[in-house]
Chemist: 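Take a look at this one; I'll ask things after.
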Amino acid sequence: MACRSNPVSDAGTVNARVMRLAIGSLIVGLIVLALKALAWALTGSLALMSDALESLVNLATALAVIVALRVARRPADDNHPFGHHKAEFFSAVLEGVLIVIAALFILREAYDGFQAPRAMDAPLLGMAINMAAGAINAIWALALIRNGRRYRSPALVADGKHLMTDVVSSVGVLFGVGLALATGWLWLDPAMAVLVAVNILWSGSMVIKASLSGLMDEAVSEAELATIRRVIETAASDDAALQAHDLRTRHAGPVTFIEFHLVMPGATTVEAAHDLCDRIEAALMAALPGARVTIHVEPEHKAKHSGHVVLS
């Protein structure tokens, strides 16, 4: 006997909010890219060029996130009975790949800059414009990370974290450009571009790593696993359940899949076992919105005395 939960009733509202945030990223990306491109055009700085190029990647990945979210929110069908949630992970992988490509391009331009250093034009105005763009990015990155975690959207979280690395890069770039102006060491400009490229490479590798873990059906975090165990134990504590074992979890986009075996006394009626499953499912979905729960009910001779046991 298996009991399976239904999707949360407010999924449509959550999906709409996530999509609005993704579209907001596209608009913010256009504004920031325009500002940073203007700063680069005014100064001719390779460091500011690297910062603008990273914003171009942000814009491309914002488009990828919108496409991925549209696919991920499609309802389950005959060919995809578990839904399309993993599409968000593909978006995050694409983002990581684009980041790496941008970093390699920056390194090539920085090499040319070392070979033929040149003075910057209108550096103070360019730095001021770049600083304004960085402030916009910082505000939006925090909003994306907070809401991405709230709505359990890995694509939004990945986008927000990447924007935050862009903010850190912008701060470093401005410091380096300012130092180059103060000292007259023109080589500092391409040197800062190299540092930005290295930071981008690291960011891209982390995004790809996190996304691949989701595609490989990685289990939930230890904190979430502890929450799941606690919820199951609490929800079943007042009933005749003897044991819960073989707990398995995985996550795909905003959805957490939870599966375990629930051991009941042999005399338990089907109705009573089903009612208990409903209560456990409701408790799990309250603790982890978007959860999909599958419970296999077993008679008491199936109880395990070793292995992974949730209930004693």
Side-chain angles (χ1 to χ4, degrees), residues 1-11 14 17-18 72 82-83 85-86 88-89 92 142 144-158 160-161 164 206-265 268 273-298 300 302-312:
M1 173 181 175
C3 306
R4 183 165 295 171
S5 66
N6 294 317
V8 292
S9 59
D10 61 345
V14 171
R17 290 174 180 172
V18 170
F82 293 99
H85 309 289
K86 287 189 178 182
E88 289 196 45
F89 291 116
L142 291 173
L144 282 178
I145 294 173
R146 182 179 67 254
N147 286 287
R149 289 172 177 167
R150 177 183 179 186
Y151 300 126
R152 302 177 65 81
S153 171
L156 289 183
V157 173
K161 287 183 177 180
M164 191 55 70
M206 291 299 101
V207 169
I208 292 173
K209 179 181 177 182
S211 302
L212 289 178
S213 70
L215 290 173
M216 294 297 291
D217 287 337
E218 184 180 56
V220 301
S221 66
E222 286 297 326
E224 285 187 309
L225 189 58
T227 297
I228 291 170
R229 291 173 178 167
R230 184 177 64 254
V231 168
I232 294 173
E233 185 171 5
T234 301
S237 61
D238 295 332
D239 289 273
L242 301 175
Q243 185 186 90
H245 58 245
D246 291 345
L247 173 64
R248 295 189 298 176
T249 64
R250 65 183 176 91
H251 58 90
V255 179
T256 299
F257 291 90
I258 304 168
E259 180 180 339
F260 62 94
H261 294 197
L262 187 67
V263 179
M264 302 289 291
T268 306
H274 190 274
D275 288 343
L276 175 57
C277 285
D278 284 346
R279 289 195 293 274
I280 295 175
E281 290 165 6
L284 285 170
M285 287 188 289
L288 298 170
R292 304 288 189 272
V293 186
T294 301
I295 306 174
H296 300 273
V297 178
E298 298 178 331
E300 54 189 305
K302 293 286 188 178
K304 291 186 175 182
H305 301 289
S306 62
H308 189 81
V309 178
V310 179
L311 299 177
S312 57

Chemist: My understanding is that only one of M264, Q243, H261 makes a side-chain contact (heavy atoms from CB on, under 4.5 Å) with E298; could you say which?
Modeler: H261

Chemist: Roughly how far, to the nearest 0.5 Å, is the CD atom of E281 from the CE atom of M285?
Modeler: 6.0 Å

Chemist: Testing the basics here: between L156 and G148, what is the closest heavy-atom pair and its distance to 0.1 Å?
Modeler: CB-CA, 3.9 Å

Chemist: Determine the minimum heavy-atom distance between A291 and I258, stating which atoms define it.
Modeler: CB-CD1, 4.3 Å

Chemist: Looking at every non-hydrogen atom in both residues, tell me the closest pair between L242 and E300 and how far apart they are.
Modeler: CD1-CB, 3.4 Å

Chemist: Considering non-hydrogen atoms only, spot the tightest contact between G160 and L144 and give its length.
Modeler: CA-CB, 3.8 Å

Chemist: What's the separation between atom CD1 in I280 and atom CD1 in I295, rounded to the nearest 0.5 Å?
Modeler: 4.5 Å

Chemist: Is any side-chain heavy atom of I228 closer than 4.5 Å to a side-chain heavy atom of L247?
Modeler: yes

Chemist: Quick check: do V231 and E233 have side-chain heavy atoms less than 4.5 Å from each other?
Modeler: no

Chemist: Do you know the tightest heavy-atom contact between A244 and L262?
Modeler: CB-CD1, 4.2 Å

Chemist: List the steps, then state whether side-chain contact (heavy atoms from CB on, under 4.5 Å) holds for E259 with R292.
Modeler: CA-CA 8 Å; E259 180 180 339; R292 304 288 189 272; over 6 Å; no

Chemist: If you define the side chain from C-beta out and look only at heavy atoms, does anything of L284 sit under 4.5 Å from T256?
Modeler: no

Chemist: Is R17 close to N147 at the side-chain level, that is, under 4.5 Å between some pair of heavy atoms?
Modeler: no

Chemist: Under a 3.5 Å distance rule, please check whether T249 uses its side chain to pair with a backbone N or O of V220 as donor and acceptor.
Modeler: yes

Chemist: Where is the tightest heavy-atom contact between E224 and L288, given as atom of each residue plus distance?
Modeler: OE2-CD2, 3.9 Å

Chemist: Evaluate the criterion side-chain contact (heavy atoms from CB on, under 4.5 Å) for residue pair Y151 and V18; output intermediate values, then yes/no.
Modeler: CA-CA 7 Å; Y151 300 126; V18 170; 3.5 Å; yes

Chemist: Kindly compute the distance separating CZ (R229) from CG (L225), expressed to the nearest 0.5 Å.
Modeler: 4.0 Å

Chemist: Quick one: NE2 on H296 to NE2 on H245, what's the gap to the nearest 0.5 Å?
Modeler: 10.0 Å

